[in-house]
S.K.: 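Following this message is one structure expressed as structure tokens.
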Amino acid sequence: MENLKRFRQGLLSWYKNSHREMPWRTEPTPYRVWISEIMLQQTQVTTVVAYFLRFMEAFPTIESLAAATEMDVLRAWEGLGYYRRAKNLHAAAKEICRKHSGKFPRQFDDILALPGIGRYTAGAISSIAFQNQKPILEGNTIRLFARLQNIQGDVSLPATQNLLWSFAESLVANSRRPGDINQALMELGNQICTVKNPHCISCPVIQHCDAFLNGDPSKLPNKPRKIQYESLMEAAIVVRRNKKTLVRLCLPGDRWAGLWDFPRFSISEPTDSMTLNRLLQQTYGLRARSLTPEFRIKHAVTRFRIELHCFWAEGVTGKTESKTPVRWVNDQQLHSLPLSATGRRMLEFKR
DNA sequence: AACTCGGGGCA
DNA sequence: TGCCCAGAGTT
């Protein structure tokens, strides 16, 4: 117990001097903390900051978010990835207006019940915005705790997870500053207890670290994983006619569901314009006088590394027909539609 | 328990 | 090129 007190003290005094400034930290209202936590899921802080500021400007309150269209929310989210987060965020805002009179719920169980909020996020919001003594567990703290406790077991196993959650709970139990403790733990994991080459010499809780004293922190956590990438080739066409551009809606189940994209085809080898024109004809009922290969974009999504061959179509004729939803949009509409990140990048390349 | 969902940072 | 990032929801 005396040990715990020293741990917290060392942690918090380090945090006080070493934490990074973040917009949601300067004004941690429940709404702002909520938005930040959703954006931060599987996404680095530096990436989130700009999105957060823009999002707060577009949707300053829960009510304004609930009143927006899903398309506008997705447009604000464009480029962040994991677009289901934006849809759940939107749904949760509506739910808060309906069930909680537009006021973000204070009870942990009510927070946890909102779509897109799991145990981590509920704990983070609860502790940071409401000073409830709720634990958190995520990438940084899993690594930190595995080292502090010298846990050898696979951290993805439920048994190990229970152990880690219990430890997380013990760190905030009966604390006056659970939110700061949780944020300090993550900050420590990010800055000091890093994946590679942890900076143990600068660690404020080194004397509490079982792995440092009796093992090897750099060998933890044990997380047997096997990401195998598959290489794909795709062709995308920007089809213009009468100053309008053809876009299609990505359907539930395929990539970027709910976002808009340009006509896109899976190809097995670099494609000539004739083959591509045939695909364009078959799928959209259109033919192009010329299909010009403009550039190639390499990008990775989840398990796939994709080489995207981008084409521009000119002299387009035919009647638009498609089994999936398509629209011809002018440039202003194109700007306001949520596109995939690579879709948006294609437009910038052309410019 | 395994899969899916984006995109970018970093060694 | 592989691993990771303030995970959640579905199968």
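The model shown is predicted, which means the values in this text are computed figures rather than measured ones. Order of the sequence lines fixes the chain letters, A, B, ..., with proteins taken first and strands second; residue numbering starts at 1 for each chain.
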S.K.: Write out all pairs satisfying salt bridge (Lys or Arg N to Asp or Glu O under 4.0 Å) with one or both partners inside residues 63-79 of chain A, taking only residues at least two apart or from two chains.
M.R.: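 For residues 63-79 of chain A: Arg75(A)-Glu78(A), Glu78(A)-Arg344(A).
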
S.K.: Separation of Asn88(A) atom CG from dC5(B) atom P, in whole Å?
M.R.: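 Nearest whole value for this atom pair: 15 Å.
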
S.K.: Starting from P on dG7(C), measure out to CG on Asn182(A) and report it in whole angstrom.
M.R.: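 Between P of dG7(C) and CG of Asn182(A): 13 Å.
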
S.K.: Would you compute the distance between atom CD1 of Ile128(A) and atom CD1 of Ile136(A) and round it to the nearest 0.5 angstrom?
M.R.: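 Ile128(A) CD1 to Ile136(A) CD1: 7.0 Å, rounded to 0.5 Å.
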
S.K.: Hey, would you say the Phe145(A) and Phe167(A) ring centroids sit under 6.0 Å apart?
M.R.: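 Yes, ring centres under 6.0 Å apart.
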
S.K.: Take atom CH2 of Trp77(A) and atom P of dG7(B), then tell me their distance rounded to the nearest Å.
M.R.: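 Interatomic distance, CH2 of Trp77(A) to P of dG7(B): 13 Å.
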
S.K.: Looking at Asp272(A), Asn277(A), Thr271(A), which hits side chain to side chain donor-acceptor pair (under 3.5 Å) with Thr275(A)?
M.R.: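 The option that passes is Asp272(A).
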
S.K.: Contact class for Ala300(A) vs. all strands (heavy atom < 4.0 Å): base, sugar-phosphate, or nothing?
M.R.: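 If one applies the 4.0 Å heavy-atom cut-off, Ala300(A) turns out to touch a base.
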
S.K.: With a 3.5 Å cut-off and just heavy-atom distances, do the side chain of Arg345(A) and the base of dG7(B) make a donor-acceptor pair?
M.R.: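 Donor-acceptor pair under 3.5 Å: no.
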
S.K.: Classify the nucleic acid contact of Ala124(A) as base, sugar-phosphate or nothing, counting any heavy atom under 4.0 Å across all strands shown.
M.R.: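 Counting heavy atoms under 4.0 Å across all strands, no contact is made by Ala124(A).
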
S.K.: Leu80(A) CG to dG9(B) P: how many Å, rounded?
M.R.: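 About 12 Å, once rounded to whole Å.
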
S.K.: On a heavy-atom basis, which atom in Val155(A) and which in Gln161(A) lie closest, and how many Å separate them?
M.R.: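 Closest approach of Val155(A) to Gln161(A), heavy atoms only: O-NE2, 2.7 Å.
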
S.K.: Atom SG of Cys310(A) and atom CD1 of Ile237(A): how far apart are they, to the nearest 0.5 Å?
M.R.: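 Output value for this atom pair is 10.5 Å.
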
S.K.: Between dC5(B) and dT1(C), how far is it from one P atom to the other, in whole Å?
M.R.: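 Per the computed distance, 23 Å lies between those P atoms.
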
S.K.: For the P atoms, the ones on dC10(B) and on dA6(C), what distance do you get once it is rounded to whole angstrom?
M.R.: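 Approximately 11 Å lies between the P atom of dC10(B) and that of dA6(C).
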
S.K.: Any chance you could measure Arg327(A), atom CZ, to Lys244(A), atom NZ, to the nearest 0.5 Å?
M.R.: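 One finds 9.5 Å between CZ of Arg327(A) and NZ of Lys244(A).
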
S.K.: Name the pairs: protein N/O against N/O of nucleotides 2-4 of chain B, kept only if under 3.5 Å.
M.R.:
from	atom 1	to	atom 2	distance (Å)
dT4(B)	OP2	Arg303(A)	NE	3.4

S.K.: By nearest heavy atom, map Ser340(A) and Leu157(A) onto DNA chain B; which one lands nearer the 5' end?
M.R.: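 Here Leu157(A) is the residue nearer the 5' end.
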
S.K.: Taking all non-hydrogen atoms of both residues, which atom of Cys97(A) and which atom of Ala66(A) are closest, and how far apart?
M.R.: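 Closest approach of Cys97(A) to Ala66(A), heavy atoms only: SG-CB, 3.7 Å.
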
S.K.: What I want to find out is whether Glu230(A) reaches Arg305(A) closely enough, with some N-O distance under 4.0 Å, to be called a salt bridge.
M.R.: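 Salt bridge between Glu230(A) and Arg305(A), a charged N being under 4.0 Å from a carboxylate O: no.
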
S.K.: Considering only side-chain heavy atoms of Pro158(A), which listed nucleotide, dA1(B), dG7(B), dA8(C), is closest?
M.R.: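 For the Pro158(A) side chain, the nearest candidate turns out to be dA1(B).
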
S.K.: Contact class for Thr141(A) (heavy atom, under 4.0 Å): base, sugar-phosphate, or nothing?
M.R.: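 No contact.
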
S.K.: For Arg20(A) and for Pro115(A), find the nucleotide of DNA chain C with the closest heavy atom, then tell me which residue's nucleotide is more 5'.
M.R.: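 Looking at DNA chain C, the more 5' nearest nucleotide goes with Arg20(A).
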
S.K.: Could you check Glu234(A) against Arg296(A) for salt bridge (charged side-chain N to carboxylate O under 4.0 Å, His left out), going step by step and ending with a plain yes or no?
M.R.: CA-CA 10 Å; Glu234(A) 295 177 352; Arg296(A) 295 180 182 181; over 6 Å; no

S.K.: Residues in side chain to side chain donor-acceptor pair (under 3.5 Å) with Asp180(A), at least two apart?
M.R.: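 Counting only residues at least two positions away or on another chain, Asp180(A) forms a side chain to side chain donor-acceptor pair (under 3.5 Å) with Arg177(A).
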
S.K.: Find the distance Phe304(A):CZ to dT1(C):P and express it as a whole number of Å.
M.R.: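 Whole-Å distance recorded here is 17 Å.
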
S.K.: What is the distance, to the nearest angstrom, from the CZ atom on Arg85(A) to the C1' atom on dA8(C)?
M.R.: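 Those two atoms, CZ and C1', are 10 Å apart.
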
S.K.: Are Trp34(A) and Phe104(A) an aromatic pair, judged by ring center distance below 6.0 Å?
M.R.: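 Yes - the distance between ring centres of Phe104(A) and Trp34(A) falls below the 6.0 Å cut-off.
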
S.K.: Give a yes/no answer on whether the side chain of Trp256(A) brings an N or O atom under 4.0 Å of OP1 or OP2 in dG7(B).
M.R.: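 Result: yes.
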
S.K.: Does dG9(C) have its OP1 or OP2 closer than 4.0 Å to a side-chain nitrogen or oxygen of Tyr82(A)?
M.R.: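 So the side-chain polar atoms of Tyr82(A) never come under 4.0 Å of the phosphate oxygens OP1 or OP2 of dG9(C).
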
S.K.: Please measure how far the P atom in dA8(C) lies from the corresponding atom in dG8(B), and state the result in whole Å.
M.R.: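 dA8(C) and dG8(B) have their P atoms separated by 22 Å.
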
S.K.: Got a second to check how far Ile38(A)'s CD1 is from Ile117(A)'s CD1, nearest 0.5 Å?
M.R.: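 That separation rounds to 5.0 Å.
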
S.K.: In residues 35-60 of chain A, which ones come under 4.0 Å of DNA chain B, going by heavy atoms?
M.R.: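 Going residue by residue through residues 35-60 of chain A, the ones with a heavy atom under 4.0 Å of DNA chain B turn out to be Gln42(A), Thr43(A), Gln44(A).
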
S.K.: What parts of residues 183-190 of chain A reach DNA chain C, counting only heavy atoms under 4.0 Å away?
M.R.: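 The answer is Met186(A), Asn190(A).
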
S.K.: So His299(A) and Trp256(A), would you call those rings parallel, tilted or perpendicular, with 30° and 60° as cut-offs?
M.R.: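 Judged by the thresholds at 30° and 60°, the geometry between His299(A) and Trp256(A) is parallel.
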
S.K.: Rounding to an integer number of Å, can you tell me how far Asn222(A) CG sits from dC3(C) P?
M.R.: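 Rounded to the whole Å, the gap is 14 Å.
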
S.K.: Rounded to the nearest angstrom, tell me the gap between atom NZ in Lys196(A) and atom P in dG2(C).
M.R.: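 Those two atoms, NZ and P, are 12 Å apart.
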
S.K.: Considering every strand and a 4.0 Å limit on heavy-atom distances, what is the contact class for Ile136(A): base, sugar-phosphate, or nothing?
M.R.: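 No contact.
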
S.K.: Which residues within residues 143-155 of chain A lie with some heavy atom under 4.0 Å of an atom in DNA chain C?
M.R.: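 Those residues whose heavy atoms fall under 4.0 Å from DNA chain C, taken from residues 143-155 of chain A in numerical order, are Arg143(A).
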
S.K.: Side chain of Lys223(A) only, heavy atoms from C-beta on: which candidate in dC5(C), dC3(C), dA8(C) is closest?
M.R.: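 So the nucleotide nearest the side chain must be dC5(C).
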
S.K.: Distance check, rounded to the nearest 0.5 Å: Leu112(A) atom CG versus Lys134(A) atom NZ?
M.R.: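 Nearest 0.5 Å value for the CG-NZ distance: 9.5 Å.
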
S.K.: Would you kindly check whether a donor in the side chain of Arg25(A) faces an acceptor in the base of dA6(C), or vice versa, at under 3.5 angstrom?
M.R.: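 When only heavy-atom distances are counted, Arg25(A) does reach the base of dA6(C) through a donor-acceptor pair under 3.5 Å.
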
S.K.: Check whether any side-chain N or O of Arg8(A) sits under 3.5 Å from a backbone N or O of Leu171(A) as a donor-acceptor pair, and report yes or no.
M.R.: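 Yes, Arg8(A) side chain to Leu171(A) backbone: donor-acceptor pair under 3.5 Å.
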
